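Read the structure below first, then the notes.
The figures here come from the full heavy-atom set of this structure, side chains too, leaving out hydrogens, waters and symmetry mates. Numbers for residues simply follow the sequence, beginning at 1. Keep in mind that this is a model prediction, so the values were computed, not measured.
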Amino acid sequence: PIKHAFYLALAVIIAVAFAGQCQLTASCRNDRYLGLERAGIFLGNDPAWIDTVEKTTRFLNQHLAPAETFFALPYDPLYYFLAGKESPTRQIIFFDHINIPPEQEEKIIAELKAGNIRYALLSNRIHSMETGLGTFGKTYCPLLYEYIQEHFEAAASFGDWSGHPRWVWNHATVILKRRAPQAEGPLLRK
């Protein structure tokens with residue numbers, strides 16, 4: 001009888017612990033779920049991060065033609081996956097510590113022109129205080145910065161741009177659309 005009572009008590013403890021975990025998971029479902037076609041998953045990321053990713057991806061999916069791609073920087077390949085697109089260039093990471101030479105920047109710009117890329121996505125990590133990341137246009141890729149500034153304009157913005165950008169929280173994006181040829185001019189300020 002003592003052995004059976006012990007096993008019964010152990011089973012009750014396990015059931016209560018399991019029910020508690022289920023309740024905790026259910027309470028996080030509403031704001032921790034990345035509900036996109038290519039990523040229906042629960043995350044530990046901040047709900048605001050998830051909201052920014054969902055809105056950005058939905059915008060891309062609504063505005064890109066089926067065979068069209070976009071250009072994401074400084075390092076946001078997640079959006080290529082979520083939108084089911086490939087990068088228009090082999091270079092997918094743009095930070096100060098990557099040391100992209102001017103010749104490579106010119107090649108990237110040529111690939112953007114050849115691919116007739118209409119949309120570019122920039123996350124708020126283009127100006128990061130994290131060691132080695134730098135500031136787009138100042139500490140890395142000045143030619144690419146000038147090209148984007150001259151040929152694109154803001155189409156949509158998602159997330160909070162006022163805080164310090166980090167990998168899994170305080171994520172913000174701006175989607176740029178290629179300007180009409182007569183409307184080209186400065187977009188970003190150094």
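Scored by the side chain to side chain donor-acceptor pair (under 3.5 Å) test, Thr69 finds no partners at all (sequence neighbours excluded). Contacts of His63 classified as ring-ring contact (aromatic ring centres under 6.0 Å, His included), with partners at least two apart in sequence or in another chain: Phe59. Partners of Phe70 under the ring-ring contact (aromatic ring centres under 6.0 Å, His included) rule, at least two apart in sequence or in another chain, are Tyr80.
Sorted by first and then second residue, the side chain to side chain donor-acceptor pair (under 3.5 Å) pairs with a member in residues 34-46 form an empty list; sequence neighbours excluded. Among residue pairs with one or both ends in residues 13-24, none qualify as salt bridge (Lys or Arg N to Asp or Glu O under 4.0 Å); sequence neighbours excluded. Residue pairs meeting the salt bridge (Lys or Arg N to Asp or Glu O under 4.0 Å) criterion with at least one partner in residues 99-128, sequence neighbours excluded, are Glu68-Arg118, Arg125-Glu130.
Looking only at distances, no side-chain donor or acceptor of Arg32 sits under 3.5 Å from a matching main-chain atom of Leu43. Of the possible polar contacts, one joining the Lys85 side chain to the Pro66 backbone as a donor-acceptor pair under 3.5 Å is found. Here the side chain of Gln91 pairs a donor or acceptor atom with the backbone of Ile93 at under 3.5 angstrom. The backbone N or O of Ile92 sits nowhere less than 3.5 Å from a side-chain atom of Ser87 that would complete a donor-acceptor pair. In terms of modelled atom types and a separation under 3.5 Å, the side chain of Asp160 and the main chain of Ser162 share a donor-acceptor contact.
Classification of the Phe42-Tyr33 ring pair by plane angle, with boundaries at 30° and 60°, yields tilted.
Across all non-hydrogen atoms, the minimal contact from Cys141 to Phe94 is SG-CD2, 3.9 Å. When all heavy atoms of Leu143 and Ile109 are compared, the closest pair comes out as O-CD1, 3.7 Å. Minimum interatomic distance between Ala154 and Val174 (heavy atoms only, all atoms of both residues): CB-CG2, 4.2 Å. For Ser128 against Leu133, the heavy-atom pair with the smallest separation is OG-CD1, 3.5 Å. Among all heavy-atom pairs drawn from Thr139 and Asp96, the shortest one is O-OD1, 2.8 Å. Scanning both residues, Asn124 and Asn170, for their nearest heavy atoms gives ND2-O, 2.8 Å.
The distance from atom CG of Asp76 to atom CG of Leu82, rounded to the nearest 0.5 Å, is 10.5 Å. Tyr119 OH to Leu60 CG: the interatomic distance, rounded to the nearest 0.5 Å, is 9.0 Å. Note that CG of Leu36 and OG1 of Thr56 are 10.0 Å apart. Values are rounded to the nearest 0.5 Å. Note: Phe81 CZ to Glu86 CD = 13.0 Å, rounded to the nearest 0.5 Å. Between the OG1 atom of Thr135 and the OH atom of Tyr145 there is a distance of 10.5 Å, given to the nearest 0.5 Å.
Linking Ile, Leu, Val, Met, Phe, Trp and Tyr residues whenever their side-chain heavy atoms come within less than 4.5 Å places Ile41 and Ile50 in a single cluster.
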Please lay out, stage by stage, how Leu73 and Phe136 fare under the test side chain to side chain contact (heavy atoms under 4.5 Å, CB included).
-> CA-CA 9 Å; Leu73 68 148; Phe136 180 51; 3.7 Å; yes
Steps toward side chain to side chain contact (heavy atoms under 4.5 Å, CB included) verdict (Arg179, His151) = CA-CA 6 Å; Arg179 295 174 191 246; His151 297 281; 5.9 Å; no
Applying side chain to side chain contact (heavy atoms under 4.5 Å, CB included), run through Phe158 and Ile175 and close with a yes or a no.
-> CA-CA 9 Å; Phe158 305 102; Ile175 298 177; 4.0 Å; yes
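At least one side-chain heavy atom of Tyr140 sits under 4.5 Å from a side-chain heavy atom of Pro74. Taking 4.5 Å as the limit, every side-chain heavy atom of Ile100 sits out of range of all side-chain heavy atoms of Phe95. A heavy-atom distance below 4.5 Å is not found between the side chains of Thr89 and Gln104. Using a 4.5 Å heavy-atom cutoff, the side chains of Leu112 and Leu144 are in contact.
For Tyr147, the OH atom is densely surrounded, since the number of other residues' heavy atoms within 6.0 Å is greater than 12.
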